[in-house]
Amino acid sequence: MSSDVVIIGGGPAALTAALYSLRGGKTVTIIEKDAFGGQIADSPRVENFPSIRKISGLDFSNNFFEQVSNLGADMEMDEVKSIEKKDNLFIVKGQYGTYEGKVVILATGVKHRHLGVENEDKFFAHGISYCAVCDGPFYSGKDVMVIGDANSALQYAILLASECHHVDVVTLFDKFFADKMLVDGLMSLKNVSIYHNRSAMKFNGTDKLESVTFQDTKTKEIIEMKDEACFIAIGQIPDNDRFNNLVDLERGFIITDEDMKTKTPGVFAAGDCRKKKWRQLATACNDGAIASLNAGNYILSLK
Ligand SMILES: Cc1cc2nc3c(=O)[nH]c(=O)nc-3n(C[C@H](O)[C@H](O)[C@H](O)COP(=O)(O)OP(=O)(O)OC[C@H]3O[C@@H](n4cnc5c(N)ncnc54)[C@H](O)[C@@H]3O)c2cc1C
């Protein structure tokens, strides 16, 4: 299969890139390994996408999928394993097929690291969240918890403290591994309590999260902490090593400039898979649009 633009991933960044490329008259192949729509399909409620007051993540994904497939995209279910550049063509090898494109847009997203603790999946979206920016407003005025000890966890805690009644911050070790400014900022907040040396063992509740069981790693004491929500911020996992022949990575995230260009002409990256500060729907779509427009210019330059 040969197209002008081959897009790796089927989330919001990829679908936006496809939308712009298709409307710009390009042929587009989108390759997704799991489910078109990306991470947002797991979200029960999205309330921060411009012009849409409220929508489920699944409806958002389905609408987007339909919009792009109606424009004539070639949508492939496959996992991309490698990409090589031959002359002015990219050869994209998947588990099942091989695809060719004049440009490649990498939009592979991230996965949020899970604790792997009992009932974590059961209470996901019923009190457990991996995104404070996305889900914090649902717990305005409530008591919540953050598990994590690095920059993201502290950013989550500071953000949540501004809208929630109280925030418990729980860490596995005896200190934070975050920027001093963030630690100082957190310490200065009156509605935050910090608990070090606690290892999460189990999430408890019936229909929704009611408490979390921890073990004190020093005294071995079992402790139950009651909060209405638990925000887990123990890292995001990008999966881009397989593309390191074409792109530079920092902690697994793809380095681009503000035009979404990578170090290889013709290879662009968009969305959560990029090295950047804010990973949101709106920012993923922004990246996808920019990548597609610059990909169009690159294709023109080939002629
Ligand atoms: C539960 C939850 C709730 C959220 N709520 C909100 C919210 O309310 N508002 C908001 O703004 N943001 C929210 N977010 C964040 C938002 O979903 C992400 O920022 C956004 O989806 C990023 O889009 P993306 O296209 O960059 O990546 P993703 O959505 O992660 O999509 C990447 C896709 O690429 C595929 N892929 C990866 N590697 C390969 C490969 N090698 N071959 C083929 N396919 C591959 C993956 O399967 C995935 O489908 C939420 C996230 C989660 C998890």
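Please read all numbers here as calculations on a predicted model, not as lab measurements. Just follow the structure's listing: the first ligand is 1, and inside any ligand the first atom is 1.
Classification of the Y156-F231 ring pair by plane angle, with boundaries at 30° and 60°, yields perpendicular. The aromatic rings of Y130 and F124 sit tilted, their planes meeting at an angle between 30° and 60°.
Considering backbone and side-chain N/O atoms, A270 never comes within less than 3.5 Å of an N/O atom of ligand 1. In terms of polar-atom proximity, defined here as any N/O pair under 3.5 Å, E47 makes no such contact with ligand 1. Of the polar atoms of Q280, at least one N or O is found under 3.5 Å from an N or O of ligand 1, judged by distance alone. Residue A13 has at least one N or O atom closer than 3.5 Å to an N or O atom of ligand 1. Taking only nitrogen or oxygen atoms, main chain and side chain alike, H112 does not reach within less than 3.5 Å of ligand 1.
Here atom 1 (C) of ligand 1 lies nearest to F124 when heavy atoms of F138, W278, Y130, F124 are compared. Among G11, G38, G271, P12, the residue whose heavy atom sits closest to atom 23 (O) of ligand 1 is P12. The option from G109, G94, A284 that lies nearest to atom 27 (O) of ligand 1, judged by heavy atoms, is G109. Comparing heavy-atom distances from atom 20 (C) of ligand 1 across T108, D272, I40, I128 singles out D272 as nearest.
Between Q280 and the options D272, N286, N48, a side-chain hydrogen bond (donor to acceptor under 3.5 Å, both in side chains) holds for only N48.
Contacts between D135 and ligand 1 below 4.0 angstrom, taking non-hydrogen atoms only, are absent altogether. At a heavy-atom cutoff of 4.0 Å, ligand 1 is contacted by the backbone of V110 but not by its side chain. Of the heavy atoms in V133, none comes closer than 4.0 Å to ligand 1. When non-hydrogen atoms are compared, ligand 1 lies under 4.0 Å from neither the backbone nor the side chain of A125. Residue F36 does not touch ligand 1, judged by heavy-atom distances below 4.0 Å.
Near R242, the atoms of ligand 1 lying under 4.0 angstrom from a non-hydrogen atom of the residue are 41 (N). Contact atoms of ligand 1 toward A107: 32 (C), 33 (C), 34 (O) (distance under 4.0 Å to a heavy atom of the residue). Every atom of ligand 1 is numbered from 1 in the order shown, and the set under 4.0 Å from a heavy atom of G10 is 33 (C), 34 (O). Remark: ligand 1 atoms within the under-4.0 Å shell around heavy atoms of A35 are 49 (O). Of all the atoms in ligand 1, the ones that sit under 4.0 Å from a non-hydrogen atom of S43 are 3 (C), 4 (C), 5 (N). Below 4.0 Å from some heavy atom of R279 lie the following atoms of ligand 1, by number and element: 19 (O).
Between the side chain of D74 and the backbone N or O of V28 there is no donor-acceptor pair closer than 3.5 Å. Side-chain atoms of N151 come within 3.5 Å of backbone atoms of D179 as a donor-acceptor pair (strictly under, hydrogens ignored). The closest donor-acceptor contact from the side chain of D59 to the backbone of I55 lies at 3.5 Å or more, if one exists at all. A donor-acceptor pair under 3.5 Å is absent between the side-chain atoms of Q67 and the main chain of N63, judged by distance alone.
Between D78 and ligand 1 there is a heavy-atom distance shorter than 4.0 Å. In this structure, K81 does not count as a contact residue of ligand 1, since none of its heavy atoms falls inside 4.0 Å of the ligand.
Counting only heavy atoms of the protein, atom 16 (C) of ligand 1 lies nearest to L281 N, 4.1 Å. Taking atom 36 (N) of ligand 1 as the reference point, the nearest protein heavy-atom neighbour is K33 CE, 3.8 Å. N48 OD1, 2.8 Å is the protein heavy atom nearest to atom 9 (N) of ligand 1. In terms of protein heavy atoms, atom 51 (C) of ligand 1 is closest to Q39 OE1, 3.6 Å. For atom 8 (O) of ligand 1, the closest heavy atom belonging to the protein is C134 CB, 3.4 Å. At the shortest separation from atom 40 (C) of ligand 1 among protein heavy atoms lies V80 N, 3.8 Å.
Taking each heavy atom of I105 and A295 in turn, the nearest pair found is CD1-CB, 4.3 Å.
Checked against the 6.0 Å centroid criterion, the rings of F123 and F203 do not qualify as a close aromatic pair. Here Y139 and H165 keep their ring centres 6.0 angstrom or further from each other.
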